[in-house]
Amino acid sequence: MRLLLLAPPGAGKGTQGKRLAARLGVRHIAAGDLLRAEARAGTVHGDQIADYQARGDLVPDQIVFDVLLPVVVEAAARGGYILDGFPRTLPQATAAAELGARLGVTLHAVVYLCGLPVRAGHGADAAAAGPRQPGRPRR
């Protein structure tokens with residue numbers, strides 16, 4: 001299974017990616033984690049990545065591809081992957097689709113996570129508050 005998770009930052013790509021990868025027995029590849037690890041490793045690409053990240057800029061597409069491609073190809077050969085955090089731009093998406101087609105590792109599915117915010121009294125907050133008493137508001 002080769003699956004791509006798309007969503008805004010903080011919508012749960014990492015959480016759901018880890019869960020799906022464990023359930024499907026494939027690797028979870030978080031693009032941001034790989035780029036941060038590369039930056040910490042102090043490689044040539046890592047030093048460049050660290051500079052872009054320190055400025056708050058997106059890492060150029062070619063550097064992202066250079067870091068991600070070997071990991072994605074290896075994971076595809078081992079049964080698949082759940083990829084999150086990539087692509088972040090339309091040019092990245094177009095180039096990734098073309099490259100995937102050439103390498104025979106196109107995606108099986110793309111999932112968009114809505115990532116609705118939790119409001120007080122809803123979702124996890126409501127569950128933590130316990131059962132609601134009829135006629136009495138939650139605190």
Side-chain angles (χ1 to χ4, degrees):
M1 168 66 70
R2 295 184 299 269
L3 178 69
L4 171 63
L5 298 180
L6 293 176
K13 295 180 301 290
T15 299
Q16 297 308 319
K18 289 174 192 166
R19 289 177 178 171
L20 283 168
R23 185 171 189 108
L24 297 171
V26 297
R27 180 168 179 187
H28 173 237
I29 302 171
D33 291 347
L34 284 177
L35 293 173
R36 285 185 290 277
E38 190 79 10
R40 283 191 305 272
T43 64
V44 172
H45 281 318
D47 291 342
Q48 294 170 335
I49 291 166
D51 289 342
Y52 286 105
Q53 289 175 334
R55 292 192 306 266
D57 293 337
L58 287 178
V59 176
D61 293 352
Q62 189 57 54
I63 294 173
V64 174
F65 273 101
D66 290 347
V67 172
L68 279 179
L69 185 61
V71 176
V72 169
V73 169
E74 179 187 349
R78 294 178 182 255
Y81 54 84
I82 308 293
L83 178 61
D84 85 60
F86 178 85
R88 292 188 67 174
T89 65
L90 185 56
Q92 284 180 353
T94 302
E98 291 170 358
L99 185 58
R102 277 200 313 266
L103 296 174
V105 292
T106 55
L107 295 166
H108 293 121
V110 176
V111 177
Y112 180 76
L113 303 175
C114 295
L116 298 175
V118 175
R119 297 184 317 232
H122 294 80
D125 287 346
R132 184 173 179 194
Q133 300 294 323
R136 299 183 76 191
R138 282 199 181 108
R139 294 180 186 183

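Values in this document were obtained by computation on a predicted structure and should not be read as measured data.
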Next on the checklist: Using side-chain contact (heavy atoms from CB on, under 4.5 Å), reason through V73 and Y81 one step at a time and then give a plain yes or no.
Outcome noted: CA-CA 10 Å; V73 169; Y81 54 84; over 6 Å; no

Next on the checklist: Pair R27, V71 - check side-chain contact (heavy atoms from CB on, under 4.5 Å), show working.
Outcome noted: CA-CA 10 Å; R27 180 168 179 187; V71 176; 3.3 Å; yes

Checklist entry - Do R102 and L99 have side-chain heavy atoms sitting under 4.5 Å apart? => result yes

Checklist outcome for this item: In this structure, CG of L24 is separated from CD1 of I82 (nearest 0.5 Å) by 5.0 Å

Checklist entry - Hey, what do you get for CD1 (I63) to CG (L35), rounding to the nearest 0.5 Å? => result 9.0 Å

Checklist entry - Would a distance-only check, ignoring hydrogens and angles, find a side-chain to backbone donor-acceptor pair under 3.5 Å from H108 to R2? => result yes

Next on the checklist: Quick check against the 3.5 Å criterion: does Q92 have a side-chain atom that pairs as donor or acceptor with the backbone of R88?
Outcome noted: yes

Checklist entry - Taking the six-membered ring of Y52, is the NZ or CZ of R55 close enough (under 6.0 Å from the centre) and on axis enough (within 45°)? => result yes

Next on the checklist: Between K13 and P8 (side chain of the first, backbone of the second, donor and acceptor by atom type, cut-off under 3.5 Å), is there such a pair?
Outcome noted: yes

Item to check | Smallest separation among heavy atoms of V110 and L3, with atom names | outcome: N-CD1, 4.3 Å

Next on the checklist: Are L58 and L69 linked, directly or through intermediate hydrophobic residues, by side-chain heavy-atom contacts shorter than 4.5 Å (ILVMFWY only)?
Outcome noted: no

Item to check | Separation between CG of L6 and CZ of F86, rounded to the nearest 0.5 Å | outcome: 10.5 Å

Next on the checklist: As an exercise, state the distance from NE2 of H45 to CG of D66, rounded to the nearest 0.5 Å.
Outcome noted: 4.0 Å

Checklist entry - How far does CD of Q48 sit from CD of E38, to the nearest 0.5 angstrom? => result 10.0 Å

